[in-house]
Amino acid sequence: MNNKLNAINTFVRVAEAGSFSAAARQTGMKQSAVSQQIAALEEELGVVLLHRTTRAMALTEQGERYLQQMRPLLAAMQEAESQLRSQQSALQGNVHIQLPSGLGQLFLPHLLALQQRHPQLHLTIALEDRIAELVSEGVDVALRLSETPPDRFAARVLARIETPLFAAPERVRETPITTLAQLASHPHVRFSAIPKDAPLRLISDSKAVTLAVDTVFRANSSEGLLQALQANIGVGGMQLPLVAKALKAGSLRRIVPEYRLPDRFLYAVFPDARFIPLRVRHIVELIEQVLSELIQVADQS
């Protein structure tokens, strides 16, 4: 079907240009390829569309009739494609997004504002840390935090997420926490998925270390950990974008700045990378921009 459409379009070009050579120049094709397409079209239709001589070319009666019938059909196809592109640029349609529960809260206001600007864009947002089955659950894009890229689907790295260590201002007001020995002497706030007696894994720019710590508070959400740190329950690590507002407000202070928890990467994961709709690409670019701004604010605080 696609070859036939190409041949019809070539036929219209030849008829309007008045010669095979002129049509070839307009389309960027070789003149022999133009001639072959017309010959194949005539053979399929079982009629002669063009009279050819060494000096001139003219439409047959059937060719004239066919030209008049095909012109409006090609124009209608072009209009339909133009409307589809216009709809795409208007960000219409459904998008199912899976976001990490912590970072997703930061992106949510921006995604809501996007839908307000584009009422025909319909978002379904899942804020959860489980790994969804993208295809069977109809997820258009999932954002996943991991030390390594996903192995089943196409993925794009949006950012490297650092997880420094923090404490409430009153905890470090008189004695800053700058060494690993000082860090080990304080109670710790940690994610509940980590065993309570597991050592704290830390990295610097040059080495990795483990540290035995006393865990006094555990939570399964970033918000729970953040509030515990701000309440001075203990010290602990937090993903840098999640503490941008707290650092700017002065409710948290960075400690042991040489060390941090192992870095992870935020990946945008797609069920099929061969075709990513414009609306999905736009959302991923928006999240990437928001993330960059949050990291910049945190670094400057």
Side-chain angles (χ1 to χ4, degrees), residues 95-111 123-135 137 139-166 188-195 198-205 208 210 215 217-229 235-247 252 254 259-271 273 276 280-281 283-299:
V95 182
H96 186 174
I97 316 164
Q98 187 192 36
L99 302 173
S101 58
L103 289 173
Q105 297 285 350
L106 303 178
F107 305 140
L108 191 55
H110 302 274
L111 293 172
L123 301 179
T124 298
I125 296 177
L127 294 170
E128 53 190 359
D129 296 312
R130 72 179 181 89
I131 298 178
E133 288 295 332
L134 301 189
V135 177
E137 297 182 36
V139 177
D140 295 295
V141 60
L143 267 62
R144 293 180 180 169
L145 274 168
S146 175
E147 293 183 22
T148 57
D151 55 5
R152 288 184 55 199
F153 297 102
R156 172 184 164 192
V157 178
L158 300 186
R160 177 169 61 90
I161 306 296
E162 293 187 1
T163 306
L165 296 154
F166 300 97
H188 278 251
V189 168
R190 302 183 73 184
F191 190 55
S192 59
I194 301 171
L200 185 66
R201 294 172 55 218
L202 298 173
I203 63 170
S204 69
D205 291 339
T210 58
T215 302
F217 178 89
R218 303 166 78 214
N220 68 347
S221 72
S222 300
E223 181 60 27
L225 296 176
L226 178 60
Q227 291 195 32
L229 289 171
V235 300
M238 286 288 296
Q239 296 161 15
L240 196 56
L242 295 175
V243 296
K245 187 180 295 185
L247 289 173
L252 282 182
R254 186 165 181 174
Y259 289 91
R260 61 188 185 273
L261 274 65
D263 296 339
R264 291 195 287 174
F265 296 87
L266 186 66
Y267 294 93
V269 186
F270 307 97
I276 302 173
V280 175
R281 295 200 305 270
I283 286 170
V284 171
E285 289 168 1
L286 172 64
I287 289 173
E288 190 172 24
Q289 178 185 346
V290 171
L291 193 58
S292 175
E293 292 171 355
L294 287 169
I295 293 174
Q296 185 176 7
V297 168
D299 282 337

Query raised in the report: Any salt bridge between Arg260 and Asp205, counting N to O under 4.0 Å?
Result: yes
Counting C-beta onward and ignoring hydrogens, is there a side-chain heavy-atom pair between [X] and [Y] closer than 4.5 Å?
X      : Y      : answer
Leu165 : Leu261 : yes
Pro271 : Val139 : no
Leu266 : Arg264 : no
Ile194 : Leu200 : no
Gln289 : His110 : no
Val284 : Leu158 : yes
Ile283 : Val95  : yes
Leu226 : Phe166 : no

For the pair [X] (side chain) and [Y] (backbone), establish whether a donor and an acceptor sit closer than 3.5 Å, ignoring hydrogens and angles.
X      : Y      : value
Asp129 : Pro100 : no
Gln98  : Arg130 : yes
Arg281 : Ile276 : yes

Once rounded to the nearest 0.5 Å, what's the spacing between atom [atom1] of [X] and atom [atom2] of [Y]?
X      : Y      : atom1 : atom2 : result
Ile161 : Asp263 : CD1   : CG    : 9.0 Å
His96  : Leu134 : NE2   : CG    : 9.5 Å
Ile125 : Leu99  : CD1   : CG    : 6.0 Å

Shortest non-hydrogen contact between [X] and [Y], atoms and distance:
X      : Y      : answer
Ala219 : Phe191 : O-CD1, 3.2 Å
Arg201 : Thr210 : CG-CG2, 4.3 Å
Phe270 : Asp140 : CD2-O, 3.9 Å
Ile295 : Pro241 : CG1-CG, 3.8 Å
Pro150 : Val269 : CG-CG2, 3.7 Å
Leu252 : Leu247 : O-CD2, 3.6 Å

Query raised in the report: Who passes salt bridge (Lys or Arg N to Asp or Glu O under 4.0 Å) against Arg254, sequence neighbours left out?
Result: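 Residues passing salt bridge (Lys or Arg N to Asp or Glu O under 4.0 Å) with Arg254: none at all.
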Report task. Using the side chain to side chain contact (heavy atoms under 4.5 Å, CB included) rule, take Val243 and Leu229 through it: C-alpha gap first, then chi angles, then the decisive distance, then the call. Result -> CA-CA 10 Å; Val243 296; Leu229 289 171; 5.8 Å; no
Requested in this report: Give the intermediate values and the outcome of side chain to side chain contact (heavy atoms under 4.5 Å, CB included) for residues Leu291 and Phe107.
Outcome: CA-CA 8 Å; Leu291 193 58; Phe107 305 140; 3.9 Å; yes
Query - Residues forming a side-chain hydrogen bond (donor to acceptor under 3.5 Å, both in side chains) with Glu223, sequence neighbours excluded - result: Gln227
Requested in this report: Please lay out, stage by stage, how Leu242 and Leu103 fare under the test side chain to side chain contact (heavy atoms under 4.5 Å, CB included).
Outcome: CA-CA 7 Å; Leu242 295 175; Leu103 289 173; 4.0 Å; yes
Side-chain donor-acceptor contacts of residues 141-149 below 3.5 Å, not counting sequence neighbours, with atom names and distances?
{"unit_1": "Arg144", "atom_1": "NH2", "unit_2": "Ala132", "atom_2": "O", "d": "2.8"}
{"unit_1": "Ser146", "atom_1": "OG", "unit_2": "Thr148", "atom_2": "N", "d": "3.1"}
{"unit_1": "Ser146", "atom_1": "OG", "unit_2": "Thr148", "atom_2": "O", "d": "2.6"}

Report task. Begin from the C-alpha positions of Ile97 and Leu123 and carry the test side chain to side chain contact (heavy atoms under 4.5 Å, CB included) through to its verdict. Result -> CA-CA 7 Å; Ile97 316 164; Leu123 301 179; 4.2 Å; yes
